Amino acid sequence: GYLIRGSQRLEDRYIGNAKMFSEGEKGRLVPWLAEMDLDPYQAITAPYFAATTGLDPVARLQTIDAHTWLPGDILMKADKMSMAHSLELRVPFLDLEVFSLAATIPAHFKIAKNTTKYALRQAMKAVLPPEVSERPKLGFPIPIRHWLKTTMYDFVRDVLAKDNTPFFDASSVQSLLTAPEGTVFNRDRKIWTLMIFALWHEQYLTPSGCSDFGVTQEDMSHVTKT
């Protein structure tokens with residue numbers, strides 16, 4: 001993944017950090033996509049790249065994050081999950097004054113000396129112990145590979161074996177499920193993505209699932225035609 005992204009233009013690489021499937025894989029999984037007149041994925045971020053011409057690459061990518069990924073993904077998830085558990089969540093780094101100051105920090109103070117968050121680490125160096133201030137950045141990964149091998153093995157295959165979505169080519173899905181580990185890049189996350197889509201489709205876009213939410217057959221007919 002590192003080599004692929006490193007050989008691409010910034011405009012092409014940004015979306016590539018998030019997408020699961022290559023264009024070729026999508027073509028095999030969803031053959032009818034080729035028949036649709038769809039805009040290329042770069043069209044989503046093109047206006048932000050145009051508006052930040054002349055800025056350093058880090059600032060350009062952060063601008064796009066602030067207008068797309070932040071409100072549409074990270075903050076949305078945080079808001080939904082915290083409210084679902086009656087938690088009042090605050091994001092202090094998005095305070096207007098803090099955010100405005102951070103936007104003026106040059107790239108060499110953001111990423112330097114082979115580390116991330118360089119300015120923040122330096123600012124907190126005298127306050128926090130080294131095991132905290134120098135700790136590598138951590139995300140919030142879930143053990144997808146372990147789940148798919150153990151507790152969710154049968155469930156995932158049942159979901160993807162159902163005729164509950166007309167979108168995927170069945171033989172391509174089965175090839176992904178049976179591919180030996182290590183032969184398909186990001187195989188587990190690809191399978192997870194297909195499973196989540198299939199469950200979403202079954203829950204919200206099929207008559208049996210929609211009936212739980214008071215959606216009528218007439219509503220479903222309209223959705224299908226659309």
Side-chain angles (χ1 to χ4, degrees), residues 14-21 41 43-45 47-48 51 58-103 105 110 116-117 119-121 123-124 127-128 132-133 135-148 150-153 155-156 158-160 162 164-165 167-168 186 188-220 222-224 226:
Y14 178 78
I15 287 273
N17 286 343
K19 72 179 181 182
M20 280 296 119
F21 299 96
Y41 62 83
I44 298 170
T45 53
Y48 303 109
V58 174
R60 299 184 78 188
L61 297 181
Q62 287 183 319
T63 298
I64 294 172
D65 271 350
H67 286 87
T68 57
W69 188 47
L70 199 63
D73 189 281
I74 298 299
L75 291 180
M76 180 271 292
K77 290 175 181 174
D79 189 47
K80 287 181 180 290
M81 292 300 100
S82 59
M83 288 197 299
H85 295 279
S86 301
L87 295 174
E88 191 68 26
L89 178 69
R90 292 290 180 268
V91 281
F93 286 119
L94 294 186
D95 174 84
L96 186 58
E97 292 186 24
V98 175
F99 194 91
S100 298
L101 174 63
I105 298 175
K110 297 174 183 175
T116 57
K117 304 174 184 273
L120 182 62
R121 293 179 190 275
M124 294 291 103
V127 180
L128 300 172
V132 176
S133 65
R135 187 178 66 179
K137 181 179 176 180
L138 297 173
F140 300 96
I142 57 175
I144 292 176
R145 179 173 297 179
H146 174 72
W147 287 346
L148 296 185
T150 56
T151 55
M152 296 188 71
Y153 180 88
F155 174 76
V156 171
D158 286 345
V159 169
L160 294 179
K162 290 180 182 177
N164 61 356
T165 170
F167 298 109
F168 303 137
N186 259 351
D188 299 313
R189 295 182 69 197
K190 287 178 166 73
I191 293 172
W192 184 265
T193 300
L194 295 180
M195 182 197 73
I196 294 298
F197 181 88
L199 290 173
W200 170 82
H201 180 271
E202 183 178 31
Q203 182 69 65
Y204 294 102
L205 294 181
T206 62
S208 58
C210 288
S211 62
D212 296 336
F213 297 88
V215 179
T216 66
Q217 186 64 44
E218 184 178 352
D219 295 328
M220 280 302 303
H222 173 71
V223 169
T224 304
T226 304

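On a predicted model such as this, the values are computed, not experimentally measured, just so you know.
In this view, K110 and V58, Q62, I105 satisfy the side chain to side chain contact (heavy atoms under 4.5 Å, CB included) rule, not counting sequence neighbours. D65 meets the side chain to side chain donor-acceptor pair (under 3.5 Å) test with Y14; sequence neighbours excluded. Residues passing the ring-ring contact (aromatic ring centres under 6.0 Å, His included) test with W69, sequence neighbours excluded: none. Considering only residues two or more places apart in sequence or on other chains, S133 meets the side chain to side chain contact (heavy atoms under 4.5 Å, CB included) condition with L128. For P143, the side chain to side chain contact (heavy atoms under 4.5 Å, CB included) partners are H146, W147, not counting sequence neighbours. Legend: residues meeting ring-ring contact (aromatic ring centres under 6.0 Å, His included) with H67, ordered by chain and number and at least two apart, are Y48. A search for side chain to side chain contact (heavy atoms under 4.5 Å, CB included) contacts involving I196 returns W192, not counting sequence neighbours. Listed by chain and residue number, nothing satisfies the side chain to side chain donor-acceptor pair (under 3.5 Å) test with R135 (two or more places apart in sequence, or in another chain).
Sorted by first and then second residue, the ring-ring contact (aromatic ring centres under 6.0 Å, His included) pairs with a member in residues 70-97 form an empty list; sequence neighbours excluded. Evaluation of the salt bridge (charged side-chain N to carboxylate O under 4.0 Å, His left out) test over residues 70-84, restricted to residues two or more places apart or in two chains, returns D73-K77. Evaluation of the side chain to side chain donor-acceptor pair (under 3.5 Å) test over residues 87-101, restricted to residues two or more places apart or in two chains, returns E88-R90.
Within the 4.5 Å cutoff, side-chain heavy atoms of L70 are placed close to those of L94. In this structure, the side chains of I191 and I144 stay at 4.5 Å or more apart for every pair of heavy atoms. F197 is not listed as a side-chain neighbour of V159, based on a closest heavy-atom distance of 4.5 Å or more.
Of the inter-residue distances, the one linking K190 atom NZ with F21 atom CZ reads 6.5 Å to the nearest 0.5 angstrom. Going from atom CD1 of I142 over to atom CZ of R189 covers 9.0 Å, rounded to the nearest 0.5 Å. Residue L194 holds its CG atom at 12.5 Å from CZ of F167, rounded to the nearest 0.5 Å. Separation of atoms OG (S82) and CG (L87) is listed at 6.5 Å; rounding is to 0.5 Å. T45 contributes atom OG1, which lies 10.0 Å from atom CZ of R60 (distance to the nearest 0.5 angstrom). From R145, atom CZ reaches atom OG1 of T150 across 12.5 Å, with rounding to the nearest 0.5 Å.
Of all the heavy atoms in P71 and A66, the pair that sits closest is CD-O, 3.4 Å. Across every non-hydrogen atom of K117 and K137, the tightest pair is CE-CD, 4.0 Å.
A donor-acceptor contact shorter than 3.5 Å links the side chain of R121 to the backbone of T116.
Using cut-offs of 30° and 60° for the angle between ring planes, the Y204 and W200 rings count as tilted.
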